[in-house]
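Just below is one structure, and these are the notes that go with it.
Naming: A, B, ... by sequence-line order, numbering from 1 per chain. Hydrogens, waters and symmetry mates are skipped; everything else that's a heavy atom, side chains included, is used.
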4 protein chains.
Amino acid sequence: MTDSVKPRARGADKRRRLTTAAARVLHEQGVERTTLADIARAADVPVGNVYYYFKTKDELVQAALSEHSTHLDELTGRLAELADPRDRLKALVQAWVDQRDVAARYGCPTGTLAVELDKRTDGSLDVEAGAVIRRLLDWVGDQFRALGVDDADGMAVTLVSAYQGMSLLANALRDPDIMTREGARLADWLDSLQGAGRTP
Amino acid sequence: MTDSVKPRARGADKRRRLTTAAARVLHEQGVERTTLADIARAADVPVGNVYYYFKTKDELVQAALSEHSTHLDELTGRLAELADPRDRLKALVQAWVDQRDVAARYGCPTGTLAVELDKRTDGSLDVEAGAVIRRLLDWVGDQFRALGVDDADGMAVTLVSAYQGMSLLANALRDPDIMTREGARLADWLDSLQGAGRTP
Amino acid sequence: MTDSVKPRARGADKRRRLTTAAARVLHEQGVERTTLADIARAADVPVGNVYYYFKTKDELVQAALSEHSTHLDELTGRLAELADPRDRLKALVQAWVDQRDVAARYGCPTGTLAVELDKRTDGSLDVEAGAVIRRLLDWVGDQFRALGVDDADGMAVTLVSAYQGMSLLANALRDPDIMTREGARLADWLDSLQGAGRTP
Amino acid sequence: MTDSVKPRARGADKRRRLTTAAARVLHEQGVERTTLADIARAADVPVGNVYYYFKTKDELVQAALSEHSTHLDELTGRLAELADPRDRLKALVQAWVDQRDVAARYGCPTGTLAVELDKRTDGSLDVEAGAVIRRLLDWVGDQFRALGVDDADGMAVTLVSAYQGMSLLANALRDPDIMTREGARLADWLDSLQGAGRTP
DNA sequence: TATGAATGAGGATTCATTCAT
DNA sequence: GATGAATGAATCCTCATTCAT
């Protein structure tokens, strides 16, 4: 019987639903404009019950951050199957471009979260948002290193910076095509790199 | 008598103080975390008096946006004195780098404002934030055009995008050096461009 | 015209009404069982407006404490008009007895407040409640000293202790007569004391 | 088999643990500031399970009250072994003094519970708290009667009153020495009693 | 114009109690 | 009997906005 597993399964399920809903709604509405009731509604969970799973709103923000971090892991996991680091980076850029419509409407989930959390003077969530970005930087840096370029970490900053910048502009101008065009430029840049890289 | 002028003068002064305070405090704390009382206090204006000058909080946000727009005008005005468009762009980049400490703490004023306002579904402030960024894009595009490069507007997007991206990363990682390094890279890139702007 | 004074007067008035209401309602219902709405209603002030005068619930508790402290001052002020310290102490006891019905229903305002606040592990209100009691102890000690008895402070503890004890018992047993009987016993005891205060 | 008994035994054990925990935690934190979860945790019983043993929170308060009542019985039971009623009363006072540190931190368990419950307008727990105190009064009165003093019940009120008062003061001032000094005074007073008592 | 005061609609959080296994 | 999970009513507190003078 799966019956005996059900309660716990349902509990885990609710936690999952709340996390997913939090990630989505916080991305769409921002942290401050999102009420717990919004998240609860999106997850189809009674408001009072949210606190069984998350003691504070900040813990939900934290969970959303972890969710984005997990998405990053899944993405880099898939990209790891590509043999050539250059192909991995190009596939990463392509993944960004594929998200152009969401980015044009709501920006990069992690980037916009970081922007909002960095306004805080209290708490440590800002640091955690930075940590997710740093993990992306590290992975990108590893690929550049595998490519044999000088200053792999500097190039990682350039690439991720370009991604955050184009997402912000696409969002501010509500124009997904910016993602497409800048993505193409980045792909060309990656193609042009010999062992020693050139700037875009 | 200057007495009769004083009230009006003081009125204009208050409006100005409120606008300046709004620009600064909204940048530092974000729109949602800033209360009218915060701005009133920073401007040394009684809370109840704010509404004489600004009918809603959004009007204050709007005023802050205009303030940033004015700053942009002043900057481009100064840059216009440089003869070479390439020098103008390089000076622009240098101006960004000069702001690195503020950027590392609070991000680009206009960019972070745009990120926050873009989360809204109501109002039109998001559009206005985009408009400020578009004016920067236009000005940069004009310089690239003067330089004689192909796809001047596309390059403008690349440059402004890089600025927003490096500001966001510097902010998220609390590292002003990112601004310095990426700024240097952008300067190199501008130097490497073939164009009418510089004699051989 | 008193019109121009009115606003401030009304403001001060409201603060006063809130303080008085807080002192009474907190005494009657206890700190934890009293909601801000209870106090607001008793003072006939809209709930949201309470926060204009008191930033937190604890500040209202604090105000209630000050109110009791003021009552104590007023009482000792009146007693100071009596020439003989023994008479002062006896009048103090009489004042306690006069409050027997309130004490039988709700206990000593300061004592019960202290009991409740002493359960807290946070904040400093418990200390302040103790301070009010200590001021009573000090005043009583001064009278005993004036009477020329040995160990005036120890006797003060005994007297105040007796007051707190009889109030607690009267309250727990809902029997005001306990106040009357113990009050009489205390008066006898004061009379029996040898001291400089009374000629033979 | 003891197997079939075990569950019940365990059940009784849990009930006991809950009662003991309730008595302690309610004394330390007060009724209103103590959550069922606090008690459950202190008793190492799952929250949801508490309701198998106690239908409401008030029943737990009631159980705590009974616990204190039982402690009183145990104490008077031990004191009954002393032949002289005066010695019994002096031993009672000594028992109070022995608890001085707890009293200085949390007050008399029954007294502070009574103070808190007396603020209620509903329920009957306030009466029950009074009943425990009355049983103490009755026992003390019996001892005074055995001593042959006039107005034994009045003297009982005086003695118990002194105990409650000194506990409250020790608690409010966080000073256990108050218990020691007042205890000594009470012992002297008991010693000084002839058949017909004198007030302290 | 200026300003202290007022207002009420939320919003996060807590918790006793109940319920489904 | 046992227990994790669920529920919703309450409560404190915030704040944009309005008002009276």
Can you spot which of C:Arg16, C:Arg15, C:Arg17 makes a side-chain hydrogen bond (donor to acceptor under 3.5 Å, both in side chains) with C:Asp13? C:Arg17
In whole angstrom, what separates D:Arg33's CZ from E:dA16's C1'? 17 Å
Nearest-Å distance for atom pair CZ/P, residues C:Phe54 and F:dC12: 15 Å
Using heavy atoms to find the nearest nucleotide of DNA chain F for B:Thr56 and C:Glu32 separately, return the residue whose nucleotide is more 5′. C:Glu32
Short question: side chain of B:Glu116, backbone of B:Glu32 - any donor-acceptor pair under 3.5 Å? yes
Identify each donor-acceptor pair in which a side-chain atom of residues 22-30 of chain C lies under 3.5 Å from a protein atom, sequence neighbours left out, and give them as a table.
unit_1, atom_1, unit_2, atom_2, d
C:His27, NE2, C:Tyr106, O, 3.3
C:His27, NE2, C:Gly107, O, 2.7
C:Gln29, OE1, C:Thr34, OG1, 3.4

Does a donor on one side chain and an acceptor on the other come within less than 3.5 Å for D:Lys57 and D:Thr35? no
Looking at DNA chain F, which of residues 39-52 of chain D put a heavy atom within less than 4.0 Å of it? D:Pro46, D:Gly48, D:Asn49, D:Tyr52
Can you check the B:Asp38 CG to F:dA16 C1' distance for me, whole Å? 13 Å
Check the distance between F:dA2's C1' and D:Lys55's NZ and give it to me in whole angstrom. 17 Å
Compile the donor-acceptor pairs under 3.5 Å between side chains in residues 60-67 of chain D and protein atoms, sequence neighbours left out, one pair per line.
unit_1, atom_1, unit_2, atom_2, d
D:Gln62, NE2, D:Glu128, OE1, 3.4
D:Gln62, NE2, D:Glu128, OE2, 3.0
D:Ser66, OG, D:Gln62, O, 3.1

What integer distance in Å separates B:Glu59:CD from F:dA16:P? 15 Å
Nucleotide nearest D:Thr35 when distance is taken to its side chain, options F:dC15, E:dA16, F:dC12: E:dA16
Of all residues at least two apart in sequence or in a different chain, which pass the side-chain hydrogen bond (donor to acceptor under 3.5 Å, both in side chains) check with A:Glu59? none
Taking only residues two or more places apart in sequence, or in another chain, which ones meet D:Asn171 in a side-chain hydrogen bond (donor to acceptor under 3.5 Å, both in side chains)? none
To the nearest Å, how far apart are C:Asp13 CG and E:dG4 P? 19 Å
Using a heavy-atom cut-off of 4.0 Å across all strands, would you classify C:Leu36 as base, sugar-phosphate, or nothing? sugar-phosphate
In short, A:Val50 meets A:Ala40 closest at the heavy-atom pair CG2-CB, 3.8 Å
Quick check: closest heavy atoms across A:Asp118 and B:Arg105, and the distance to 0.1 Å? O-NH1, 3.1 Å
Using whole Å, what does the distance between atom C1' of nucleotide F:dT18 and atom NZ of B:Lys57 come to? 17 Å
Using five pairs at either end of the helix from E:dA2-F:dT21 to E:dT21-F:dA2, determine the angle between the two local helix axes and round it to 10 degrees. 20°
Please report the distance, rounded to the nearest Å, between OH in A:Tyr53 and C1' in F:dT7. 12 Å
Does a nitrogen or oxygen in the side chain of A:Lys14 sit under 4.0 Å from OP1 or OP2 of F:dA6? yes
